[in-house]
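Notes follow once the structure below has been shown.
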Amino acid sequence: MAKLHLKRTPTEEAERALRKARKAAATARKRSHLSKGASEHGESSSKRRRREDDFHSELDEEVYGPPPPPSLSSAHKPDYDIILSELEDARFREKMWDALRDDERLDSIDARFNDYAHVPDRWRANAASHGNPEDQTDMDPRFMDDDTYAEWIRAGMWRRKHARQYEEEARRKAEKAARSARKKELKAEMARLEKAAEERRKQKKRERESQREENARAEYDRKWKDLLDPNTRHASSLSFGDIPWPLFVPMTHSDTAHSDPSSITLEHFTATAISAFLIPISTISALAQDVGVSLPTHDRDKKEKKEKLRETMLRFHPDKFEGRVMRKIIETDKDRVREAVGQVARVLNTLMEE
């Protein structure tokens, strides 16, 4: 296999130069020592050779280091493939470090060059403006640097030379700004009108709901008055839906303008539903509930609530209801009416304890 000659690294070159310098110094000391010893003592040539050999061994040990220990096996041979692989790896790493240092140097040079980059303002204008520079009439030349002042002078010269074009472009800009402002105003006005219309729709809906609730309460009182009137004869013809229950009758799905009393079930007799029917809230309280604000309850309101609950309890007390109304209910609905009356009585007791 041919011998490889690899390029030495800077570290290897320095070590090689140091070894050469040490060897040259040792050789000079040896020559001076030998010449001095021969002149003084007149030694024989064999003694000089032995002392010269000893000196050479000391010199080699000083320059190249102590010799390696003797091999235990006479058949040991160096693995040239491993040595070659290590040399190639070392050479590759050295090249990589050199490339990295070159990249860092080029990056620093590029950064220094970019620090001095300057593009005039007239070259940065949009190509659609046909070379018309930006408007710099509001700038004060006393506070400009040299480049900005030069651009300002060029812009003034361009305006004088192209006065008609400059005026036309200024007019177009003003019209565009006016259209944009008008469009913004129209958009804000439309949003305000839509918000006002939504508020009116909500107000009308609240008014319709309030009117429907008032009509339902008036119908409830009228039916109880007829039901308790001894002069009114029903002759056991009342059904479950004919009983004036203390809650708002659910609206039918097909027609929201009409209600169906027969659609009432025991699940409808809740404390919230009965309380909303018996104790109406004012408009201010309704608005406060819409926004999530709770208003304090006055003593007068508490007294009216207690009286209304007591009146309703006298009407739906199971014993009183059984004696005054139950005999007027048809046989097929009596069990259902008894369950509903008991549910109403339990809810009223809960409300009166609050």
Per-pair distances, 0.1 Å, donor-acceptor, side chain in residues 176-190, under 3.5 Å, sequence neighbours excluded:
{"residue": "Glu189", "atom": "OE1", "partner": "Arg192", "partner atom": "NE", "Å": "3.4"}
{"residue": "Glu189", "atom": "OE2", "partner": "Arg192", "partner atom": "NH2", "Å": "2.5"}

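Residues Pro280 and Leu278 approach most closely at CD-O, 3.2 Å, considering heavy atoms. For the pair Leu314 and Arg324, the tightest heavy-atom approach, listed with the atom from each and the gap, is O-NH2, 3.1 Å. The minimum heavy-atom distance linking Pro244 with Leu227 is given by the pair CD-CD2, 4.2 Å. Here the shortest heavy-atom pairing between Met352 and Leu309 reads CG-CB, 3.8 Å. Nearest heavy-atom pair across Val341 and Pro318 is CG1-CA, 4.2 Å. For the residue pair Lys223 and Asp242, the shortest heavy atom distance occurs at CD-O, 4.4 Å.
The closest donor-acceptor contact from the side chain of Thr27 to the backbone of Lys23 lies under 3.5 Å. Without hydrogens or angle criteria, Asn349 side chain to Ala345 main chain gives a donor-acceptor distance under 3.5 Å. Asp145 contributes a side-chain N or O that, together with a main-chain N or O of Thr148, makes up a donor-acceptor pair within less than 3.5 Å. Remark: side-chain polar atoms of His268 are paired, donor with acceptor, to backbone N or O of Thr265 under 3.5 angstrom. Using a distance-only test at 3.5 Å, with no hydrogens or angles considered, no donor-acceptor pair links the side chain of Lys225 to the main chain of Tyr220.
Note that CD of Glu304 is 10.0 Å distant from CD1 of Ile279, once rounded to the nearest 0.5 Å. Note that the CD atom of Glu15 and the CG atom of Leu18 stand 8.0 Å from one another [nearest 0.5 Å]. Distance check: Leu351 CG to Thr272 OG1 gives 8.5 Å after rounding to the nearest 0.5 Å. One finds the CG atom of Asp81 at 11.5 Å from the CD atom of Glu86 (value rounded to the nearest 0.5 Å). The CG atom of Leu348 sits 10.0 Å away from atom CD of Gln343, with the distance rounded to the nearest 0.5 Å.
Between Glu219 and Arg222, at least one side-chain nitrogen of the basic residue sits less than 4.0 Å from a carboxylate oxygen of the acidic one, meeting the salt-bridge criterion. Salt-bridge annotation for Glu94 and Arg91: absent, with no side-chain N of the basic residue lying under 4.0 Å from a carboxylate O of the acidic one. The pair Glu322-Arg338 counts as a salt bridge, with a side-chain nitrogen and a carboxylate oxygen less than 4.0 angstrom apart. Between Glu307 and Arg310, none of the side-chain N atoms (NZ, or NE/NH1/NH2) sits under 4.0 Å from a carboxylate O, so this pair counts as no salt bridge. Using a 4.0 Å cut-off between a side-chain N of Lys or Arg and a carboxylate O of Asp or Glu, Glu198 and Arg201 qualify as a salt bridge.
For Glu209, the salt bridge (charged side-chain N to carboxylate O under 4.0 Å, His left out) test picks out Arg212, with sequence neighbours left out. Qualifying salt bridge (charged side-chain N to carboxylate O under 4.0 Å, His left out) partners for Glu213, counting only residues two or more places apart in sequence or in other chains: Arg217. Under the side-chain contact (heavy atoms from CB on, under 4.5 Å) criterion, Asp221 pairs with Lys308, Arg315, sequence neighbours left out. Partners of Arg164 by salt bridge (charged side-chain N to carboxylate O under 4.0 Å, His left out), not counting sequence neighbours: none found. Judged as a salt bridge (charged side-chain N to carboxylate O under 4.0 Å, His left out), and not counting sequence neighbours, Glu339 has no contacts.
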_Assess the residue pair Glu151 and Arg154 against the criterion (side chain to side chain contact (heavy atoms under 4.5 Å, CB included)); give the C-alpha distance rounded to whole Å, side-chain angles, the decisive distance to 0.1 Å, and a yes or no._
CA-CA 5 Å; Glu151 294 294 332; Arg154 292 190 187 96; 3.3 Å; yes
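Considering only heavy atoms from C-beta on, Ile264 comes within 4.5 Å of Leu247 through its side chain. Side-chain contact check for Ile274 versus Thr312: every heavy-atom pair is 4.5 Å or farther apart. Contact check for Glu12 versus Thr9: side-chain heavy atoms found under the 4.5 Å cut-off.
When only modelled atom types and interatomic distance are considered, Gln211 and Asn215 share a side-chain donor-acceptor pair under 3.5 Å. Side-chain atoms of Gln203 and Arg200 form no donor-acceptor pair, as typed in the model, at a separation below 3.5 Å.
Below 30°, between 30° and 60°, or above 60°: for His162 and Trp158 the angle between ring planes is below 30°, a parallel geometry. Classified by interplanar angle (parallel below 30°, tilted 30° to 60°, perpendicular above 60°), the ring pair Phe321/Phe316 is parallel. Taking the six-membered ring where tryptophan is involved, the planes of Phe240 and Trp245 are tilted, since the angle between them lies from 30° to 60°.
Of the residues listed (Ile329, Asp333, Thr332), the one engaging Ser239 in a side chain to side chain contact (heavy atoms under 4.5 Å, CB included) is Asp333, and it is the only one.
Under a cut-off of 6.0 angstrom, the local environment of CZ in Arg171 is crowded, with over 12 non-hydrogen atoms contributed by other residues, nucleotides or ligands.
Both Met157 and Trp152 belong to a common hydrophobic cluster when Ile, Leu, Val, Met, Phe, Trp and Tyr are linked at side-chain heavy-atom distances under 4.5 angstrom.
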